[in-house]
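The structure appears right after this line, and notes come after that.
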Amino acid sequence: MSYTTLRLGSPPLRRFTGITGVAFTVLQVIEVPLYFVHDGAPPDSNVLTRIMLSLVVLVLLLGFVTGLRELVRQTDQACGWVADLAYGAALAYITITFVAHSLQAGEVIAANEPVDPTITAEGSYLLYGSIGRILTAVFLVAAGYAAVRSGLLSQWAARSAYVIALINLAFVPSLYFGNNTGQFFSANGWGTTATIASLYAYWVFAVGIALLRHRNAHHYAGQPGSASENRR
């Protein structure tokens with residue numbers, strides 16, 4: 001069995017990517033419970049606070065995926081196109097989530113009484129749900145593959161990314177199952193838009209920690225002829 005020293009890119013970029021990944025997950029974990037603390041229509045302050053938190057979360061995600069793309073390019077230029085695919089999927093996910101937030105915030109700001117925008121903002125159903133799940137799956141598959149193939153991370157990064165991607169793909173058909181937010185598997189259900197949607201954050205957290213901790217780790221060199229194999 002062949003092993004190779006992991007090449008992790010420039011230390012400042014590695015720290016930036018690791019820190020933004022960890023900070024992203026921490027704020028995401030704080031944000032998600034805000035969706036479950038009220039029965040019925042939540043007060044405006046709850047909705048706007050969770051949206052405000054999410055704006056910061058999405059900016060941190062943008063920093064993480066940008067750093068990850070550049071780290072992959074530094075370690076193996078041949079994997080640059082896969083890193084670009086991951087970056088593009090993440091950028092699309094960030095964009096459509098901003099749009100979904102705008103739709104929900106608009107419902108709350110314009111209403112004279114408290115409303116539940118997860119129900120009333122109908123245009124956000126697929127943005128938070130099926131569209132978000134398929135973009136998340138593309139990001140995870142591409143990012144996991146690029147990180148391992150380039151020699152940036154070891155095999156756990158790809159395997160865990162693929163598992164979480166498959167779970168996300170399983171929720172793409174949720175658009176056929178109505179708009180009951182109390183239902184786990186529905187277009188805007190709590191499973192589709194909150195629980196499953198947050199799983200990828202733990203992958204980002206693990207990658208962030210790995211980038212901050214790695215020094216001279218080793219991993220299996222991969223397929224013969226790969227860039228990491230050639231660096232033995």
Side-chain angles (χ1 to χ4, degrees), residues 24-25 27-38 40-42 44-66 84-111 114-143 161 164-204:
F24 158 78
T25 305
L27 286 184
Q28 178 96 313
V29 168
I30 294 172
E31 175 201 345
V32 169
L34 294 177
Y35 286 84
F36 301 101
V37 295
H38 294 281
D44 292 359
S45 59
N46 172 273
V47 177
L48 297 178
T49 298
R50 71 198 191 199
I51 289 175
M52 179 63 72
L53 271 174
S54 187
L55 298 182
V56 179
V57 165
L58 292 171
V59 170
L60 290 170
L61 179 60
L62 178 60
F64 171 80
V65 298
T66 302
D84 286 345
L85 176 60
Y87 176 81
L91 192 60
Y93 174 82
I94 291 168
T95 301
I96 63 106
T97 306
F98 276 140
V99 173
H101 286 344
S102 181
L103 292 172
Q104 288 203 356
E107 288 280 339
V108 169
I109 293 169
V115 297
D116 185 350
T118 61
I119 299 174
T120 59
E122 297 173 355
S124 69
Y125 289 178
L126 295 190
L127 298 179
Y128 285 127
S130 297
I131 296 174
R133 300 292 63 73
I134 199 166
L135 287 174
T136 300
V138 173
F139 162 70
L140 286 167
V141 170
I164 300 172
L166 285 173
I167 296 172
N168 273 268
L169 287 175
F171 279 76
V172 173
S174 62
L175 59 89
Y176 290 103
F177 293 87
N179 67 335
N180 183 354
T181 57
Q183 184 176 324
F184 184 74
F185 194 87
S186 68
N188 59 339
W190 62 273
T192 307
T193 62
T195 305
I196 302 304
S198 64
L199 290 181
Y200 81 101
Y202 298 103
W203 184 85
V204 172

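Reckoned from all heavy atoms, side chains included, excluding hydrogens, waters and symmetry mates.
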- Message: Are Phe98 and Leu55 packed together at the side-chain level, in the sense that at least one heavy-atom pair is separated by less than 4.5 angstrom?
- Response: yes

- Taking it one step at a time, do Leu60 and Leu27 satisfy side chain to side chain contact (heavy atoms under 4.5 Å, CB included)? CA-CA 9 Å; Leu60 290 170; Leu27 286 184; 3.8 Å; yes

- At their closest point, which heavy atom of Leu48 faces which heavy atom of Ala105, and how far apart are they? CD2-CB, 4.2 Å

- Minimum heavy-atom distance His101-Ser54, with the two atoms named: NE2-OG, 2.6 Å

- Message: How long is the straight-line distance from CD1 of Ile51 back to CG of Leu34, given to the nearest 0.5 Å?
- Response: 11.0 Å

- Message: Side chains of Val108 and Gln104, heavy atoms from C-beta outward: is any pair under 4.5 Å?
- Response: no

- Query: Does a side-chain heavy-atom distance below 4.5 Å link Phe139 with Ile134?
  - Reply: no

- Under 30°, 30 to 60°, or over 60°: which ring-plane class applies to Phe36 and Trp190, parallel, tilted or perpendicular? perpendicular

- Query: Got more than 12 heavy atoms from elsewhere within 6.0 Å of CG, Leu135?
  - Reply: yes

- Message: Test side chain to side chain contact (heavy atoms under 4.5 Å, CB included) on Ile164 and Tyr202; report intermediate values, then the result.
- Response: CA-CA 10 Å; Ile164 300 172; Tyr202 298 103; 5.8 Å; no

- Scanning both residues in full, the closest heavy-atom pair of Trp203 with Ala161 reads NE1-CB, 3.5 Å

- To the nearest 0.5 Å, how far apart are CG in Leu53 and CG in Leu58? 11.0 Å

- Query: For the ring pair Phe177 and Phe171, is the centre-to-centre distance below 6.0 Å?
  - Reply: no

- Rounded to the nearest 0.5 Å, the CZ atom of Arg133 sits from the CG atom of Leu126 at a distance of 11.5 Å

- Asn168 side, atom CG; Tyr200 side, atom OH - distance, nearest 0.5 Å: 9.5 Å

- Which heavy atom of Ala187 sits nearest a heavy atom of Leu175, and at what distance? CB-CA, 4.0 Å

- Note on the structure: Taking every heavy atom of Ile96 against every heavy atom of Ile131, the minimum-distance pair comes out as CD1-CG2, 4.2 Å

- Task: Kindly compute the distance separating CD1 (Ile167) from OG1 (Thr195), expressed to the nearest 0.5 Å.
- Result: 11.5 Å

- Heavy-atom side-chain proximity of Arg50 to Pro42 below 4.5 angstrom: yes

- Note on the structure: OG of Ser124 to CD1 of Ile119, rounded to nearest 0.5 Å, is 10.5 Å

- Kindly give the heavy-atom pair with the smallest separation between Ala86 and Ala143, and that separation in Å. CB-N, 3.6 Å

- Kindly say whether Asp116 contributes a backbone atom to a donor-acceptor pair with the side chain of Thr120 at under 3.5 angstrom? yes

- Query: Can you check whether Ser186 reaches Thr181 side chain to side chain, under 4.5 Å on heavy atoms?
  - Reply: no

- Query: Does the side chain of Phe184 come within less than 4.5 Å of Ile196's, by heavy atoms?
  - Reply: yes

